[in-house]
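The chains referred to below are lettered A, B, ... by the order of the sequence lines, with proteins before strands, and numbering in each begins at 1.
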Amino acid sequence: MSDITIPTSEHADDHSHDHPAWLAHHFDDAEQQFDSGKLGMWLFLVTEVLFFSGMFVAYALFRSLHPEVFVYASQFLNAKLGAINTGVLLFSSLTMAWAVRAAQLSQQKILVSMLAMTLSCAAMFLGVKAVEYTHKWDLGLLPAGMYITQGVAEPNHGNWLQILCIPAAVFAVIFAGWYLFALVGRNRFQLQIAGPLLVASLCFFAGVQLGVFLESGESHGDAHGSGHGATHGDHHEGAGDHAAHAIIVDHMVATSIPGQAFPSEVFVDPKRVGIDEPEINQRGRAGIFFGIYYMMTGIHAVHILGGMGVITWLIVKAARHEFHSKYFGPVDNVGLYWHLVDFIWIFLFPLLYLIR
Amino acid sequence: MAHTSVDASAQIDSHGGGHGHGDGEFAHPASLTMLFSVFFTLLALTILTVWQSTLDIGAAEIWVTMGIATVKAGLVILFFMHLLWDKPLNAIVFLSSIIFVALFLGFTLMDAQGYHSTIEIKDTLEASLPPAPADLPVVPSMPTT
Amino acid sequence: MSAVISKPLVAPVESAKEPGNFLTHTSGFLSWALTLDHKRIGLMYLVGVMSSFLLGGVLALVVRAHLFYADGAFLTLKQYNQIFTLHGAVMVFLFIIPSVPAALGNFLLPIMLGAKDVAFPRLNLSSFYLWVGGAIFFLVAMLTTGLDTGWTFYTPYSLETTGPVVLATMGVFILGFSSIFTGLNFIVTINTMRPPGMTWFRMPLLLWAIYSTSIIQVLATPVLGITMLLLMAERFLGIGIFDPKLNGDPVTYQHFFWFYSHPAVYIMILPAMGIISELMSVHSHKGIFGYRMIAYSSVAIALFGFLVWGHHMFTSGMANVTTIVFSALTFTVSIPSAIKVFNWLFTMYKGTVSLTTPMLYALSFMFLFTIGGLTGLPLGALSIDRHFHDTYFVVAHFHYVMMGGTLVAFLGGIFHWWPKMVGKMYNELGGQISAGIVFVGFNLTFLPQFVLGTRGMPRRYATYVPEFEFLHQLSTYGAFLLGIGLFVALGVLINSLFRGKKAPTNPWGGATLEWVCSSPPPHDNFSKPPVVGDPYDFRGLEYDAREGGYVRRK
Ligand code: HEM
Ligand SMILES: [Cu+2]
């Protein structure tokens, strides 16, 4: 990625004549360099689309063969969280497009702050995603090989959300330290980098909060999710309680006395969902849905992480005042990449969360 | 593809010939009004699609939902990625990816639909037949170990 | 690796007035390891792919030696499976896919185009290191624990075997990135880096071929990437897409795999066809016949190549209607290949054919590729493929196109451009002998396999019925003869580094731009922008005995 976008500046020296540092020696002029980078980026996006296409094909195949599985399993996804995340990503696309504009107009301050906003939205997206994932792991809504039939066994609480928060917390502490350090040293350049990074790592927690809030707000009356959010903070407390229920409860029992067999209400109650299908509620059926779900959203999340990496790199370059109206290719190209990640999500969201 | 090439060659040649224009401005900053109106349209469409999913419109649902998603994706591509103002070559490049995805999807889907029905037929056939005798001669298979 | 090649290749600077070339431009290990020069990267690839070829070739000889006797000579059945897997995977992923585009293509593309370098030199270098990394990953995985799935990694076996499937697929994944980045780089280079005057239809046909190849690399390779990733996930997590135990579907795996791998066979053959277009024209000293037809047919092959993947799955339980569609499309895709063959023939017609080493290789390509291509047609016919699928007929078919086609063209290309790459002439007679031995050895190896296949000898078997012993033994003799021919070729090339005469600028009388640069080319390719003319206009090119090569007279 970075190779597509960085012009090889160290080569300028063997062609000192009218070749500014940002123009690589094998290009004739800024426009040729820009056009090449841009075409390269579009081609890269083509490979991304085809890369994701494999998962869309897998989705389409299984959906067309087993529509009932998708109807059943997609009810475990929380459309509210998906919608919120869609909004977050759309907003990040807006700020990214604005950042490109700022680079083109040589508006350095706006550029840095727009990149910072984009980065923060990305972190927030991941925060919400972390809640979604860990919630499903707790319920045993896992890929086929590990899927746990719902309503039969005891939910298996782990500290997954906390564990996922650890790296973000470490980053937040590091960046906060760096920010303070830069503040004391009055280093404007470092402040411009540490600030956005600190905000972004805090935004991850904002995302987690938001996710927990929405996930718990659901538990009563809404068919989608379950009341797991309430147990996030304090799931240790229920451990002994759960042990008492560590019996394999028959599926029929589970449906006949909803909410009683499972005091924490973490299960989607099959009755409330309106489908009672032991045929589907098993590894080779619903499990495949979750296999596809994790692959699609997981690889998308990896792309978000990658995007965060390159945006950070842009922030550093922007803080160094490297971009201006003749040289903004990297911002533009990272922008294209970022919009593509949004583009993919625009399809993932309805396919996984909405269509029944 | 032949068209791509011709188009592109025309472009490149004009670029090669007119170097003076190479030093000019090639940045086309997007206006903020445009960016914001696209963003709010996208938000509105998101709300629309979520609301729409609560209705029960049967088999049409997938088409409506995917239609909305396609419009959204188109807005992102055309405006946020400013493909509308970009070189036609880049648009062709991107469109080609969609075409090849459609090809991949189309053939595999067509096939899966076809052969799964044959598998089901076979299943029911086998179910209706008496169980095979256990001492059927074993066909020698590929040695693997 | 680069240190090894830098020693023999860096010729001592002959005289002070001699301008430096890209080999002598800088020296030292790092000047190679960190080079951004497409020519050096091309040479490093060349050493890499040739080493892989050596490894794959030795494994092939082991397989053939084992099959000398009906009961197998010396391998256990398990070892046999591991060795043919390693052979196939090394040849496909490490050798043949990067061979022409990454090695020769890297060296030649910018020069033939008249550019200073590829569009993204750093990306180019990272492609190379991805290749090295992927190769190491792949080989370590396979050599330490023994993969035995065949190069296709078909499920469900690849989910059940204890072999290092995840590591090997990881290696393939990385190699895929290398291939994608090379293709992307070439497309951009050809689109944006052409100097004034270099229009699309003044490009040498090798560039058209590489351009088409790059299109496939960019469009198809990502699907291999996701297939490998899903396979890994299937093994790790059990996502249930491919695994029949979890209600997954192995036929889906085959669709995914062949959506890449059929286009990939065109990644292998298209650049080779490009080489042949150059060789035929230059060594017949006559303009190429049907330039536009050849150019368009390259692009057509690249695009149609995406429509026929199902012909590898006729017997896998596809739906009847799909098999019929894929069969019909398979026939159409052979048309552009045939167009090329006819054009090459007409290029030679009334030309002044000189039977140099490259031309001999090109002629054997014509012969072998025609057989390989034609035997693809019966395989594409449904009724026949029922019988021939997974027999030696298929093995012979793809060796005729991959070895007889790509490898032979690659060798021809190496002999053709060797003077340009290293600045030394090789021993012509030696080269001609190698071409002869390779041709005879190749046919002796693989013609019997067609016969074996039609009689029902299945592929990938470690033992067979005694009736087949004679044909198998012929094939084994042929394989060793082929090996000898290849070593002769290698010997001729290496010998030239030490004893070869200094190469003239234009030893064969080519009209493309690389023959305007000195041999070897200077670091920056062209000190001033080259004058671009018709790449196949040989008028005015005359042999100059004093130069030892051709010069252009006005
Ligand atoms: C000229 C047109 C061609 C046609 C019509 C054709 C047709 C076929 C068909 C139908 C098969 C499947 C046979 C079977 O498994 O039952 C096949 C296999 C194969 N072909 Fe071709 N082919 C053509 C050219 C090529 C070329 C140019 C290459 C590579 C350079 C190639 C490489 C292969 C390989 C590697 C396989 C076997 C793959 C495997 O199962 O391991 N073919 N071909
Ligand atoms: Cu094929």
Requested in this report: Go through C:Ala220, C:Gly248, C:Ala119 and name the one with the most non-hydrogen pairs under 4.5 angstrom from chain A.
Outcome: C:Ala119

Query raised in the report: Strictly under 6.0 Å, is that where the ring centroids of C:Phe306 and C:Tyr260 end up?
Result: no

Query - For C:Ser31 against C:Thr26, the heavy-atom pair lying closest together - result: CB-OG1, 3.5 Å

**Report entry** Top of A:Leu43, A:Val49, A:Val57 for chain C proximity - count of heavy-atom pairs under 4.5 angstrom
**Finding:** A:Leu43

Report task. Would you name the heavy atoms of A:Ala144 and A:Ile288 that are closest together and state the gap between them? Result -> CB-N, 4.0 Å

Report task. Using a cut-off of under 4.5 Å on heavy-atom pairs, state which of C:Thr221, C:Leu224, C:Leu125, C:Leu229 scores highest against chain A. Result -> C:Leu229

Query raised in the report: Non-hydrogen atoms of chain A under 4.5 Å away: do they reach the side chain of C:Ile180, the backbone, both or neither?
Result: side chain

Requested in this report: Let me know if A:Ser53 has heavy atoms under 4.5 Å from chain C in its side chain, its backbone, both or neither.
Outcome: side chain

Query raised in the report: Could you walk me through whether C:Trp200 and C:Trp208 pass the side chain to side chain contact (heavy atoms under 4.5 Å, CB included) check?
Result: CA-CA 9 Å; C:Trp200 283 88; C:Trp208 275 96; 4.1 Å; yes

Query raised in the report: Going by the angle between their ring planes, with limits at 30° and 60°, are C:Trp309 and C:His255 parallel, tilted or perpendicular?
Result: perpendicular

Report summary line: Counting heavy-atom pairs under 4.5 angstrom with chain A, the leader among C:Asp117, C:Val218, C:Thr227 is C:Val218

Query - Interchain contact, A:Leu61 with chain C, by part (heavy-atom threshold 4.5 Å) - result: side chain

Report summary line: Checked C:Leu237, C:Thr189, C:Asn525 vs chain A; the most non-hydrogen pairs under 4.5 Å come from C:Leu237

Report task. Could you go through the side chain to side chain contact (heavy atoms under 4.5 Å, CB included) check for C:Phe256 and C:Leu230 one step at a time? Result -> CA-CA 10 Å; C:Phe256 277 52; C:Leu230 289 174; 3.8 Å; yes

Requested in this report: Measure the spacing between OG1 of C:Thr155 and CD of C:Glu160 and express it to the nearest 0.5 Å.
Outcome: 9.5 Å

Report summary line: If one checks every heavy atom of A:Leu142 against chain C at 4.5 Å, the contacting part turns out to be neither

